[in-house]
Amino acid sequence: MNDERQTRWVGWGWFAAILILLSGALEVLFGILAILLPASQYFTTREGTTVFFVSLWGWWHLLIGLVLIAAGIALANGRTWARVFAVVAVALNAVSQLLSLPAQPWWSIVVFTLDIVVIYAITVHGRELRAYDRAR
């Protein structure tokens with residue numbers, strides 16, 4: 001029996017979708033900043049290789065940001081495949097934040113924690129988004 005009814009937990013799904021979109025937008029902005037201004041005071045650079053690394057890191061954040069935005073839009077539309085896609089994208093972002101921990105400890109911890117909450121929201125309460133989409 002396929003029990004897909006709308007419950008009050010649909011808010012968790014919307015919370016996850018909005019947080020993914022917000023995180024994706026911030027990652028895109030951060031990636032663009034790292035690509036365009038790798039030698040700025042925001043990034044501590046001491047050598048030419050560090051500037052290259054920051055630029056490469058910026059491309060990664062730009063890519064993961066675009067993937068997160070796509071996942072957030074698909075999740076908000078209630079697509080079934082979007083739940084799996086969003087969990088994978090958010091997990092990649094969480095690993096990326098762990099790798100960024102030495103450079104930005106507080107920001108990485110906050111974003112990593114929110115990524116874990118989003119994964120919880122999608123895996124436990126993601127089905128309600130599909131029921132909500134069908135109810136509209």
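Since this is a predicted model, take the numbers as computed values, not measurements. Residue numbers start at 1 and run along the sequence shown. Computed from heavy atoms alone, side chains included, the values below leave out hydrogens, waters and symmetry copies.
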**Study point:** Partners passing side chain to side chain contact (heavy atoms under 4.5 Å, CB included) against I109 (at least two apart in sequence or in another chain)
**Key:** L101, T113
Check your understanding: Quick one: side chain to side chain contact (heavy atoms under 4.5 Å, CB included) partners of V110, sequence neighbours excluded?
Key -> L114
Check your understanding: Can you find a heavy atom in the side chain of F15 that is under 4.5 Å from one in the side chain of V117?
Key -> yes
Point to revise | Shared hydrophobic cluster, F112 / I119 (ILVMFWY, side-chain heavy atoms < 4.5 Å) | key: no
**Study point:** Those residues that, when tested against F85, pass side chain to side chain contact (heavy atoms under 4.5 Å, CB included) (two or more places apart)
**Key:** V67, A70, A71, W81
Check your understanding: Mind checking whether I64 and V95 sit in one hydrophobic cluster, side chains of I, L, V, M, F, W, Y counted as touching below 4.5 Å?
Key -> no
Exercise for review: Identify the heavy atoms of S23 and N93 that sit nearest to each other, and give their distance.
Suggested key: OG-ND2, 3.4 Å
Practice item. Taking all non-hydrogen atoms of both residues into account, name the closest pair between I20 and A86 and its distance. Key: CD1-CB, 3.9 Å
Check your understanding: How far apart are the closest heavy atoms of V118 and A16, and which atoms are they?
Key -> CG1-CB, 4.0 Å
Exercise for review: Would you please name every residue forming a side chain to side chain contact (heavy atoms under 4.5 Å, CB included) with W107, sequence neighbours left out?
Suggested key: L26, Q97, Q104, V111
Review point. Rounded to the nearest 0.5 Å, how far apart are CD1 of I69 and CG of L21?
Key: 7.0 Å
Practice item. Report the distance from atom CG of L62 to atom CD1 of I35, rounding to the nearest 0.5 Å. Key: 5.0 Å
Check your understanding: Linking I/L/V/M/F/W/Y whenever their side-chain heavy atoms sit closer than 4.5 Å, directly or via other members, would L98 and W106 fall into one cluster?
Key -> no
Study note, to complete from the structure: Separation between CG (L92) and CH2 (W60), nearest 0.5 Å, reads 5.0 Å
Review point. Is there a donor-acceptor contact under 3.5 Å from the side chain of S100 to the main chain of S96?
Key: yes
Check your understanding: About how many Å separate CG of D115 and CG of L19, when rounded to the nearest 0.5 Å?
Key -> 8.0 Å
Practice item. Give the other cluster members for I18, using side-chain heavy-atom distances under 4.5 Å between Ile, Leu, Val, Met, Phe, Trp and Tyr residues; answer none if it is isolated. Key: none
Point to revise | Remaining members of the apolar cluster that contains L29, side-chain heavy atoms under 4.5 Å | key: none
